[in-house]
Amino acid sequence: MNKMSLGRDKQDHLQERMETLGIREEDLIEKFILGSGKGGQKMNKTSSCVYLKHIPSGIEIKCQRERSRELNRFIARRELCERLEEQLFKEKSAKQQEIEKIRRQKKRRSRKAKEKMLKEKHARSETKSLRQKPLPNHH
């Protein structure tokens with residue numbers, strides 16, 4: 001991999017992470033596919049889309065996030081590490097947890113939950129209204 005386009009420390013960190021997880025370059029099938037989508041003529045002529053398959057786990061990754069093939073190779077390997085960690089540790093990655101959190105936040109409340117929430121809000125407003133100072137009596 002070309003180490004010039006990416007930060008040396010990032011490259012080394014990824015290498016260490018792959019070694020820790022037991023991912024060897026020999027276990028990877030890497031193909032470069034012709035890019036598609038926006039990016040114009042340059043994108044449609046260069047094979048910047050990276051397909052990566054980890055033979056032992058069967059995990060497949062296709063990455064076309066960047067225009068640069070080298071950057072896509074890096075991102076694909078990083079994603080492979082994330083997926084393998086998820087499989088090994090059976091715990092969702094921070095990224096996955098964040099996605100699920102957003103999904104829960106966007107989900108519509110059920111009718112019963114909405115009624116309960118509104119009832120609690122109403123009760124709270126009643127409590128707060130009792131705290132107001134009484135209006136002065138005008139004779």
Side-chain angles (χ1 to χ4, degrees):
M1 235 185 285
N2 180 7
K3 296 189 188 318
M4 289 296 120
S5 59
L6 281 162
R8 182 81 183 174
D9 51 337
K10 279 188 177 184
Q11 202 72 40
D12 292 341
H13 177 69
L14 179 66
Q15 205 59 49
E16 284 172 31
R17 200 170 163 195
M18 285 173 69
E19 284 169 20
T20 307
L21 290 167
I23 302 170
R24 299 177 330 190
E25 287 292 328
E26 306 90 75
D27 295 337
L28 300 176
I29 295 175
E30 187 174 41
K31 293 178 187 171
F32 303 107
I33 308 160
L34 209 59
S36 64
K38 58 185 186 224
Q41 207 172 6
K42 170 90 174 113
M43 193 58 145
N44 302 330
K45 281 185 177 178
T46 55
S47 301
S48 59
C49 182
V50 176
Y51 167 85
L52 204 61
K53 182 174 182 174
H54 184 237
I55 301 161
S57 65
I59 296 173
E60 294 180 356
I61 283 139
K62 195 173 172 188
C63 178
Q64 189 193 326
R65 226 175 287 168
E66 302 293 329
R67 282 175 124 178
S68 149
R69 180 192 286 189
E70 287 306 310
L71 213 47
N72 284 333
R73 288 182 77 199
F74 174 80
I75 294 168
R77 280 169 172 72
R78 195 174 61 193
E79 208 170 299
L80 172 67
C81 289
E82 284 173 14
R83 290 223 204 138
L84 203 58
E85 280 170 353
E86 203 174 306
Q87 255 187 16
L88 290 172
F89 306 121
K90 292 285 182 218
E91 64 183 39
K92 294 185 174 89
S93 64
K95 189 173 148 189
Q96 201 62 38
Q97 285 175 339
E98 190 63 32
I99 291 167
E100 285 178 14
K101 182 182 176 186
I102 291 167
R103 191 174 291 140
R104 282 195 303 272
Q105 286 171 346
K106 287 184 176 179
K107 195 176 148 200
R108 274 188 67 196
R109 287 189 175 93
S110 69
R111 183 175 283 128
K112 199 171 185 179
K114 195 171 183 177
E115 284 171 4
K116 183 182 174 192
M117 179 199 65
L118 289 173
K119 202 165 105 180
E120 286 170 1
K121 277 188 168 197
H122 183 70
R124 180 88 179 126
S125 80
E126 286 291 313
T127 307
K128 282 184 140 188
S129 69
L130 295 173
R131 291 185 195 154
Q132 289 178 348
K133 291 179 181 170
L135 292 169
N137 286 340
H138 292 287
H139 294 280

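With values rounded to the nearest 0.5 angstrom, Lys53 atom NZ is found 8.5 Å from Lys31 atom NZ. Separating the CD atom in Glu60 from the CD1 atom in Ile55 is a distance of 11.0 Å, to the nearest 0.5 Å. A distance of 7.5 Å separates NE2 in His13 from CD in Glu16, rounded to the nearest 0.5 Å. Remark: Leu84 CG to Ile59 CD1 distance equals 4.5 Å, nearest 0.5 Å. Here the straight-line distance linking atom CD of Glu79 with atom CG of Asn72 works out to 10.5 Å at 0.5 Å rounding. Atom CG in Leu34 sits 8.0 Å away from atom OG in Ser48 (nearest 0.5 Å).
Minimum heavy-atom separation, Leu21 to Cys81: CD1-O, 3.6 Å. Heavy atoms only, all atoms of each residue included: Cys63 and Ile75 are closest at SG-CG2, 3.6 Å. Among all heavy-atom pairs drawn from Phe74 and Gln11, the shortest one is CD1-OE1, 4.1 Å.
Ion pair Arg124/Glu120 not flagged as a salt bridge, since none of the NZ, NE, NH1 or NH2 atoms sits closer than 4.0 Å to an Asp/Glu carboxylate oxygen. In summary, Lys107 and Glu100 do not engage in a salt bridge, as defined by a charged side-chain N under 4.0 Å from a carboxylate O. Salt bridge status for Glu115 with Lys112: absent, with no side-chain N to carboxylate O gap under 4.0 Å.
Cluster annotation: Leu28 is not connected to Val50 through the hydrophobic network of ILVMFWY side chains, with a link wherever side-chain heavy atoms come within less than 4.5 Å. In the hydrophobic clustering of ILVMFWY residues, with side-chain heavy atoms under 4.5 Å counting as a link, Ile23 and Ile61 come out together.
Taking 4.5 Å as the limit, every side-chain heavy atom of Arg77 sits out of range of all side-chain heavy atoms of Arg17. Two residues are said to be in side-chain contact when any heavy atoms from C-beta on lie closer than 4.5 Å; Arg131 and Lys128 meet this criterion. Put simply, the side chain of Leu14 reaches to within 4.5 Å of the side chain of Met18, judged on heavy atoms.
One N or O on the side chain of Arg69 and one on the backbone of Ser47 form a donor-acceptor pair closer than 3.5 Å. Looking only at distances, no side-chain donor or acceptor of Arg65 sits under 3.5 Å from a matching main-chain atom of Leu71. Asp27 places no side-chain N or O within 3.5 Å of a backbone atom of His54 that could act as its donor or acceptor partner.
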query: Yes or no on salt bridge (Lys or Arg N to Asp or Glu O under 4.0 Å) for Lys101 and Glu98, after CA distance, side-chain angles and deciding distance?
result: CA-CA 5 Å; Lys101 182 182 176 186; Glu98 190 63 32; 5.1 Å; no
